[in-house]
Amino acid sequence: MINLTINGKAIQAPEGATILEAARANGIDIPTLCYDKAVEIYGACGLCVVEAEGIPKLLRSCSAKCTEGMVINTESPRVVQS
Ligand code: FES
């Protein structure tokens, strides 16, 4: 299991889980448009972006994998503006 923080909440996610999967499994909603778990992920729309501490660009949560110690914010002003 991988330990990470989303919106100040410490959570665990299985190896290989995306940020979107980890968030939804813990009751944290991230809006999506092009994501459909029945088809291959291609990350086209950018609606699901989140901010990760220490990473300059916003991450597409439907395709970015969780990593140990990651600190994610899904509601920062930068995310909302994007
Ligand atoms: S939902 Fe479209 S890029 Fe993630």
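Counting convention: from 1, in listed order, for ligands and their atoms alike.
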*Should V79 and T74 count as side-chain neighbours, where that means a heavy-atom distance under 4.5 Å?*
no

*Within less than 2.8 Å of atom 2 (Fe) of ligand 1, any N, O or S from C62?*
no

*How long is the span from the CG atom in L59 to the NZ atom in K65, to the nearest 0.5 Å?*
13.0 Å

*Could you tell me whether a side-chain N or O of N26 sits under 3.5 Å from a main-chain N or O of I28, the two making a donor and an acceptor?*
no

*For atom 2 (Fe) of ligand 1, decide whether C48 has an N, O or S atom at a distance under 2.8 Å.*
no

*Are any non-hydrogen side-chain atoms of N73 and N7 less than 4.5 angstrom apart?*
yes

*Considering the heavy atoms of L33, write down every atom of ligand 1 situated less than 4.0 Å from one of them.*
1 (S)

*I2 backbone acceptor or donor facing E68 side chain under 3.5 Å*: no

*Structural part of L20 in contact with ligand 1, heavy atom criterion under 4.0 angstrom*: neither

*Relative to the heavy atoms of C45, which atoms of ligand 1 are at a distance of less than 4.0 Å?*
1 (S), 2 (Fe), 3 (S)

*Which segment of A44 sits under 4.0 Å of ligand 1 when only heavy atoms are counted*: backbone

_Where ligand 1 meets Y35 - atom numbers and elements under 4.0 angstrom, heavy-atom basis_ = 1 (S)

*Any donor and acceptor pair, going by atom type alone, linking the side chain of T67 with main-chain N or O of M70 inside 3.5 Å?*
no

_Close-contact set for ligand 1 against T32 heavy atoms, below 4.0 Å_ = 1 (S)

_I'd like to check T32 versus L47 (side-chain heavy atoms, cut-off strictly below 4.5 Å). Are they in contact?_
no

*Should you measure from each heavy atom of G46, which atoms of ligand 1 turn up under 4.0 Å away?*
2 (Fe), 3 (S)

